Amino acid sequence: MELVRMLVLTVIFTVITLGNAFAINLTPGDYKITSWIESPAGGIGSIQKRVEHVRDAEADFTKMFTIERCKLLSKNMTANTLTFELACEFPPPSISGNFSFNGDSFEGRLRYGYKNEVMNVGMRGTRIDTAAEPNLQSGERQAEIDKKLQELWAKMKSYLASGDVGNALELFHPDKREKWRTIFEEAKKQNMLPKMVSDMVSLNLIRIDDDHDEAIYRLRAIVDGQRTGSQVVFQKDQSDNWYIVDF
């Protein structure tokens, strides 16, 4: 995992340096960078998460720039989106990426290829601006986020109960919508959506991570008279929009 951490940081620095050469819209300053390794299997537990704190992003990115051991095979800059492909002397020999930049934030994914193995790493960076942070105690902040996510969950249940799969899917993370479309449309065909919703008894907060970009809940349900439990995962994108990921 230490090797993965170093690879992630190295390519973050490389990407931003490449981006600066193409006039990327990224404000200099301190950034919090969240990266996660995505399992090909998907689903709950498929994302291994970590947060890296970067001081003085512009200076550190330049200092850590190590592209001299990589050959840039292709690059494309469209608006504020950068795509690129590298061939490197060190493992993994193949690295490609797609990143979007928006002033105080960036988000994207890296694809590492080595022989027949592929590893995907997602990344999100947000400039740290303590003056812009709400002056809330952690308990107050947690209660505020919990209220927002409970309302989001209630809205999703309301749409499903009425058979409105389309609007319910809008509340799910874009990467997960097709998966849940298949599940919900099949349940709708069998007239099971109202029962699915009525089986859901309560949603209780387990934790919100330090950067408030992921929240885990426990869903309590009663199915055929038996109590069951499962995790519900919410994630926040770089525009501060919360989405349901899995349950």
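Because the structure is predicted, anything quoted here is derived from the model rather than measured.
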Quick one: do Gln142 and Leu205 satisfy side-chain contact (heavy atoms from CB on, under 4.5 Å)? Show the steps, please.
-> CA-CA 10 Å; Gln142 180 169 290; Leu205 178 63; 3.6 Å; yes
Please step through salt bridge (Lys or Arg N to Asp or Glu O under 4.0 Å) for the pair Glu214 and Arg207, ending with a clear verdict.
-> CA-CA 9 Å; Glu214 182 178 79; Arg207 67 175 177 84; 3.6 Å; yes
Criterion side-chain contact (heavy atoms from CB on, under 4.5 Å) on Asn98 and Arg109, from CA distance to verdict | CA-CA 6 Å; Asn98 183 297; Arg109 279 174 171 74; 5.8 Å; no
Going through the checks in order, is the salt bridge (Lys or Arg N to Asp or Glu O under 4.0 Å) test met by Lys148 and Glu144?
-> CA-CA 6 Å; Lys148 180 183 295 186; Glu144 178 183 307; 5.4 Å; no
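Atom CD of Gln226 is surrounded by 12 or fewer heavy atoms from other residues, nucleotides or ligands within 6.0 Å.
Applying the side-chain hydrogen bond (donor to acceptor under 3.5 Å, both in side chains) criterion to Arg181, with sequence neighbours excluded, gives Glu178.
Atoms OH and OG, on Tyr112 and Ser94 in that order, are 11.0 Å from each other to the nearest 0.5 Å.
Remark: the Thr78 side chain and the Asn76 side chain contain an N/O donor-acceptor pair separated by less than 3.5 Å.
In this structure the side chain of Arg218 never reaches within 4.5 angstrom of the side chain of Val232, judged on heavy atoms.
Classification of Glu151 and Lys147 as a salt-bridged pair holds, one side-chain N sitting under 4.0 Å from a carboxylate O.
Side-chain heavy-atom separations under 4.5 angstrom define the hydrophobic clusters, and Tyr243 shares its cluster with no other residue.
Across Trp242, Phe247, Tyr217, a single residue satisfies ring pair (Phe, Tyr, Trp, His ring centres under 6.0 Å) together with Phe234, and that is Tyr217.
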